[in-house]
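Have a look at the structure below, then the notes.
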Amino acid sequence: MPEEAKWYIVHTYSGYENKVASNLEKTVENRGFQHLIQEIYVPTETVTEIKDNKKRDVERKIFPGYVIIKMILTDETWYVVRNIRGCTGFVGPSSKPIPLTDEEVKKLGVEKKCIEVSYKVGDTVVIIDGPLEDSVGTVEQLDTDNNCVRVSVSMFGRSTPVDLELDQVELMD
């Protein structure tokens, strides 16, 4: 039995996404499958609508008709998910579940990976990846929520700000 849970996409009737997610959560709790079906996610975004000269924030589904589930795939978990009212099946050839790749999960923004860094604003760092590899610069801004760091690098005698991902730089010894 595989020990690592993977992300799968389940197709639902349109408008039933939240109902499928809540029913699945109840079923997982009742059957004690928390270790097998770990997360259930309905991708949404908040959009500001202007109607009759009034602004209001509305939560919209990014992928209507789909629920994303992090689970360890077994015959039991497949059966439980497949038989939830409103669920039409897994996304994949002939309803055979195909897990999402790490890259797809990252693009969907489903799983946030928290990166701890050893540097702070004002520290001297070395760029270890990308076109400016081995360049030295100073950290100007640090945004751990968005996995972003702004480093000031000296190029052609001028200080140039460069936006990089947190894991592309490391503290200089």
Side-chain angles (χ1 to χ4, degrees), residues 1-49 55-121 125 128-130 139 141-150 163-171:
M1 183 169 92
E3 296 203 10
E4 189 177 327
K6 296 193 183 310
W7 288 97
Y8 296 90
I9 298 180
V10 176
H11 190 264
T12 67
Y13 293 129
S14 187
Y16 277 71
E17 302 88 352
N18 293 332
K19 190 75 173 156
V20 167
S22 66
N23 286 345
L24 188 54
E25 285 170 355
K26 285 179 192 168
T27 304
V28 166
E29 191 176 310
N30 291 341
R31 291 193 176 197
F33 280 0
Q34 291 90 341
H35 64 288
L36 295 172
I37 299 176
Q38 298 170 357
E39 289 183 57
I40 301 158
Y41 178 71
V42 178
T44 58
E45 64 183 348
T46 305
V47 180
T48 303
E49 273 186 358
K55 280 186 181 181
R56 62 182 201 148
D57 291 335
V58 178
E59 198 163 312
R60 287 205 182 128
K61 291 176 182 68
I62 298 172
F63 304 112
Y66 295 97
V67 175
I68 302 173
I69 302 172
K70 185 175 187 177
M71 64 185 233
I72 297 172
L73 187 66
T74 64
D75 290 341
E76 279 184 312
T77 57
W78 181 88
Y79 182 82
V80 166
V81 173
R82 185 68 186 83
N83 288 298
I84 291 290
R85 177 184 228 112
C87 175
T88 60
F90 284 90
V91 172
S94 64
S95 286
K96 182 182 179 290
I98 302 292
L100 295 173
T101 64
D102 292 338
E103 197 173 290
E104 290 168 331
V105 171
K106 190 176 177 183
K107 283 182 183 175
L108 288 174
V110 174
E111 208 168 49
K112 300 265 188 225
K113 291 189 178 175
C114 186
I115 297 176
E116 289 186 23
V117 292
S118 58
Y119 50 85
K120 59 187 182 305
V121 175
V125 292
I128 58 170
D129 186 33
V139 177
Q141 287 180 338
L142 197 57
D143 187 359
T144 53
D145 294 336
N146 293 319
N147 190 32
C148 199
V149 61
R150 177 167 287 163
D163 289 329
L164 301 163
E165 290 184 10
L166 294 174
D167 60 353
Q168 287 183 295
V169 299
E170 64 182 23
L171 191 60

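Note that these values count all heavy atoms, side chains included, but never hydrogens, waters or copies made by symmetry.
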- Closest approach of Val125 to Leu171 (non-hydrogen atoms, all atoms of both residues): CG1-CA, 4.1 Å

- Task: Tell me, with the steps shown, if His11 and Phe90 meet ring pair (Phe, Tyr, Trp, His ring centres under 6.0 Å).
- Result: CA-CA 6 Å; His11 190 264; Phe90 284 90; over 10 Å; no

- Of the non-hydrogen atoms in Asp167 and Ile128, which two are nearest, and what is the gap between them? O-CD1, 3.6 Å

- Query: Does a side-chain heavy-atom distance below 4.5 Å link Leu142 with Tyr119?
  - Reply: yes

- dist Gln38:CD -> Trp7:CH2 (nearest 0.5 Å) comes out at 9.0 Å

- Message: Please find the pair of heavy atoms, one from Thr12 and one from Tyr66, that lie closest to each other, and give the distance.
- Response: OG1-N, 4.0 Å

- Approximate separation, where rounding is to 0.5 Å, of Asp75 CG and Arg82 CZ: 14.0 Å

- side-chain contact (heavy atoms from CB on, under 4.5 Å) assessment of Ile37 paired with Val81: CA-CA 9 Å; Ile37 299 176; Val81 173; 4.0 Å; yes

- Task: Please confirm whether the backbone N or O of Gly65 pairs with a side-chain atom of Glu17, one donor and one acceptor, at under 3.5 Å?
- Result: yes

- Message: With a 3.5 Å distance limit and no angle check, can you tell me whether Thr77 reaches the backbone of Ile72 through a side-chain donor-acceptor pair?
- Response: yes

- Heavy-atom closest contact (Gly92 atom, Ile98 atom, distance): CA-CG1, 4.0 Å

- Do you know the tightest heavy-atom contact between Pro99 and Lys6? CB-CD, 3.5 Å

- Query: Are any of the side-chain heavy atoms of Ile68 and Tyr8 separated by less than 4.5 Å?
  - Reply: no

- Item | Neighbour count >12 (heavy atoms, 6.0 Å) for atom OH, Tyr16 | no

- Task: For atom NZ of Lys19, decide whether the heavy atoms of other residues, nucleotides or ligands shown that lie under 6.0 angstrom number more than 12.
- Result: no

- Query: More than 12 heavy atoms of other residues, nucleotides or ligands under 6.0 Å from CD of Glu165: is that the case?
  - Reply: yes

- Task: Could you give me the CA-CA distance, side-chain angles and deciding distance for Val67 and Ile40, then say whether side-chain contact (heavy atoms from CB on, under 4.5 Å) is met?
- Result: CA-CA 7 Å; Val67 175; Ile40 301 158; 3.8 Å; yes

- Could you walk me through whether Phe33 and Glu76 pass the side-chain contact (heavy atoms from CB on, under 4.5 Å) check? CA-CA 10 Å; Phe33 280 0; Glu76 279 184 312; 4.0 Å; yes

- Check against side-chain contact (heavy atoms from CB on, under 4.5 Å), Val42 and Lys61: CA-CA 7 Å; Val42 178; Lys61 291 176 182 68; 4.3 Å; yes

- From OG1 (Thr44) to CD1 (Ile62), nearest 0.5 Å: 6.5 Å

- Item | Any donor-acceptor pair under 3.5 Å from Glu29 side chain to Lys26 backbone | no

- CD1 on Ile9 to CZ on Phe63, rounded to 0.5 Å: 7.0 Å

- Rounded to the nearest 0.5 angstrom, the CD-CD distance for Glu39 and Gln34 is 13.0 Å

- Taking side-chain hydrogen bond (donor to acceptor under 3.5 Å, both in side chains) as the test, write out the residues that go with Asp143, two or more places apart. Asn146

- Give, for atom CG of Asn23 and atom CG of Asn83, the distance between the pair rounded to the nearest 0.5 Å. 12.5 Å

